[in-house]
Amino acid sequence: MNSIKQNTQKKMIIDTDPGIDDAMAILLAFQSPELNVIGLTTTFGNVPTAVATRNALHLCELAGKEDVPVAQGLLTTLRGVVKLRVADFVHGSDGLGNTNPPEPKQRPIDLSGPEFLVAKVQEFPGEVTVVALGPLTNIAKALELDSNFPKKVKDIFILGGAFFVNGNVNPAAEANIFGDPEAADMVFTCGANITVIGINITHQVVMTGREIEELGKCNSKFGKYLCKALPFYYDYHLRSYNTDAIYLHDPTTVVAAIDPSLLTYAEGVVRVQQEGLCRGLTLFNSTTKKWAQPTEWCNKQPIKVAITVDAENVANLIKARLMAL
Ligand SMILES: O=c1[nH]cnc2c1ncn2[C@@H]1O[C@H](CO)[C@@H](O)[C@H]1O
């Protein structure tokens, strides 16, 4: 890779809990000439953090990207709670559709995920894009470690939340936000340049059963690899949504970071319900009403919330890149 090309590429850190759609997103990022993936940080959600780290290392090795550092993130939520309910029914107990990936040869680096995030925005101020594909614990911890993190990071693209639609863990909450609502609320209101892609968007970007078969038949290494893990993810969608297609949550978020113009956005303050029945609910203030009394949404920095997507072109880009040789 020559330095001219590297200079025009976005420096990206992917915070991830692989996860089948995370695996698609990571391989897509590696296949994208616009991106220079400078590291992966791992979190819990689809799998426990230790499994996420193993899978992140494995995916780097599969892609011949052993030089990409993997930093293990926090094992618990910001409040120290171990998330017992991992999504093995979505991704299999190994996170990769029960395909039993080989033990990676590489090890995670000595820095923790949050320490790595802080170090990289310090090294490249205004240049690092963070793509967050799991609960937001590592990013929130990075905010605790460095209060200037929001100013130093270029932007943060977050897969999370359900805006004007039901959640996927329960009618109120989407899985990543539900995984650590306190962290999510901290991140959404931290003042950084944030774009949120919720399941109101990602449920429109799909790969059908037939397309999964085509992925397996093509000669691409990533396509052949993914089509072994995808049937598990497909079965979950068939069972849960009665649909002959999978939702491309995490890859859509990587595409948004590559080309934000494929989506449209509304700007407003987002807060997260912390307790009770609707714990994990994302509530976007879309009104311009001047409230009679100050609200918990006042005096916070607005963020961008995706409201429409060019689903066909986003899905086509994902498929083309995963099928590329
Ligand atoms: O029902 C579910 N429970 C938990 N996690 C889920 C479920 N459906 C999808 N995901 C995972 O959570 C993120 C999107 O919310 C995606 O990473 C997806 O793989």
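Side chains are part of it too, since the values below use all heavy atoms of this structure and drop only hydrogens, waters and symmetry mates. These numbers were taken from a predicted model, which means no experiment stands behind them. Note that ligands are numbered from 1 as they come in the structure, with each ligand's atoms numbered from 1 the same way.
Nearest protein heavy-atom neighbour of atom 11 (C) of ligand 1: N46 OD1, 3.7 Å. If you check which protein heavy atom lies closest to atom 17 (O) of ligand 1, you get D21 OD2, 3.2 Å. When hydrogens are left out, the protein atom nearest atom 12 (O) of ligand 1 is A175 CB, 3.6 Å; that is the closest non-hydrogen contact. With hydrogens left out, the protein atom closest to atom 9 (C) of ligand 1 is N168 ND2, 3.6 Å, a heavy atom. Nearest protein neighbour of atom 8 (N) of ligand 1, counting heavy atoms only, is Y236 OH, 2.8 Å.
Counting heavy atoms closer than 4.0 Å to ligand 1, residue D17 contributes nothing at all. At a 4.0 Å heavy-atom cut-off, ligand 1 touches D250 through the side chain alone.
Atom CD of E296 has 12 or fewer neighbouring heavy atoms from other residues, nucleotides or ligands inside a 6.0 Å radius.
Near E174, meaning under 4.0 Å from any of its heavy atoms, are these atoms of ligand 1: 13 (C), 14 (C), 15 (O). Residue contact check: A87 has heavy atoms under 4.0 Å from atoms 4 (C), 5 (N) of ligand 1. Within ligand 1, counting atoms from 1 as listed, the ones closer than 4.0 Å to a heavy atom of F89 are 1 (O), 3 (N).
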Next on the checklist: What verdict does the ring pair (Phe, Tyr, Trp, His ring centres under 6.0 Å) test give for H91 and F232, after you've listed the backbone C-alpha separation in whole Å, the side-chain angles of each residue and the deciding distance to 0.1 Å?
Outcome noted: CA-CA 7 Å; H91 299 279; F232 194 98; 8.3 Å; no
Checklist entry - Are F222 and F30 close enough, and set up right, to give a ring pair (Phe, Tyr, Trp, His ring centres under 6.0 Å), and what steps lead you there? => result CA-CA 10 Å; F222 293 167; F30 286 151; 7.6 Å; no
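For the side-chain hydrogen bond (donor to acceptor under 3.5 Å, both in side chains) test with T16, the passing option among T43, T42, D22 is D22; the others fail.
A cation-pi arrangement is found for K11 relative to F124, the charged atom lying closer than 6.0 Å to the ring centre and inside a 45° cone about the ring normal.
Within the 4.0 Å heavy-atom cutoff, F178 does not count among the residues contacting ligand 1.
In summary, K120 and E123 engage in a salt bridge, as defined by a charged side-chain N under 4.0 Å from a carboxylate O. Taking a cutoff of 4.0 Å between a charged side-chain nitrogen and a carboxylate oxygen, E213 and R210 do not qualify as a salt bridge.
Between the side chains of T41 and D15, a donor-acceptor pair is found at a separation under 3.5 Å.
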